[in-house]
Amino acid sequence: MASKIQAFLNHPAGPKTIHFWAPTFKWGISIANIADFAKPPEKISYPQQIAVACTGVVWSRYSMVITPKNWNLFSVNVAMAGTGLYQLSRKIRKDYFSDDGKEVAAASLEG
């Protein structure tokens, strides 16, 4: 057991490096996005969620081509992509596929 802990501590992407701490703190973005699932869809920002989703997709791919593989970076970015895409789907459903969204779109065309 001690050798596994020591291997983790001394890993090139372990807790003695920035390669561990940067993705660890990035989990805060995904956690905040999950907390925002309770937020009404009209308060969701398209630019913010597009940025979160695209960042997640791009960095998930990058984390698999670098050496050493950084599974913490991969997992946090998969979570970011997932939460961003989910929030975008909520916003799109509200704006384009609900009765409320059609009324808002019609009002903006008239005004």
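Keep in mind it's a predicted model, so treat the numbers as computed, not measured. Keep in mind that the numbers below use all heavy atoms, side chains included, and drop hydrogens, waters and symmetry copies.
- When all heavy atoms of Pro12 and Pro68 are compared, the closest pair comes out as CB-CG, 3.5 Å.
- Taking hydrophobic clusters as Ile, Leu, Val, Met, Phe, Trp and Tyr residues chained together by side-chain heavy-atom distances below 4.5 Å, Trp59 shares a cluster with Ile66.
- With values rounded to the nearest 0.5 angstrom, Arg90 atom CZ is found 8.5 Å from Asp36 atom CG.
- Between the side chain of Arg93 and the backbone N or O of Pro41 there is no donor-acceptor pair closer than 3.5 Å.
- Residues Leu73 and His19 fail the side-chain proximity criterion, which asks for heavy atoms closer than 4.5 Å.
- To the nearest 0.5 angstrom, Ile18 atom CD1 is 8.5 Å from Phe25 atom CZ.
- More than 12 heavy atoms of other residues, nucleotides or ligands shown are found within 6.0 angstrom of CZ on Phe37.
- The two residues Met80 and Ser30 have their closest heavy-atom pair at CG-OG, 3.2 Å.
- The number of heavy atoms from other shown groups lying within 6.0 Å of CD (Glu42) is above 12.
- The distance from atom NZ of Lys26 to atom OG of Ser75, rounded to the nearest 0.5 Å, is 10.5 Å.
- Put simply, NZ on Lys91 and CD1 on Ile50 are 11.0 Å apart, with the number rounded to the nearest 0.5 Å.
- Within the 3.5 Å criterion, the main-chain N or O of Pro23 finds no donor-acceptor partner in the side chain of Asn72.
- One N or O on the side chain of Thr17 and one on the backbone of Gly14 form a donor-acceptor pair closer than 3.5 Å.
- Taking CD1 from Ile44 and CD from Gln49, the interatomic distance works out to 6.5 Å, rounded to the nearest 0.5 Å.
- Partners of Tyr46 under the ring pair (Phe, Tyr, Trp, His ring centres under 6.0 Å) rule, at least two apart in sequence or in another chain, do not exist in this structure.
- By the rule that hydrophobic residues join a cluster once side-chain heavy atoms approach within less than 4.5 Å of another member, Trp71 and Trp21 end up as members of separate clusters.
- One finds the CZ atom of Phe20 at 9.5 Å from the CG atom of Leu9 (value rounded to the nearest 0.5 Å).
- Side chain of Asn77 to backbone of Ser63: no donor-acceptor contact under 3.5 angstrom is found.
- A donor-acceptor pair under 3.5 Å links the side-chain atoms of Ser60 to the main chain of Val78, judged by distance alone.
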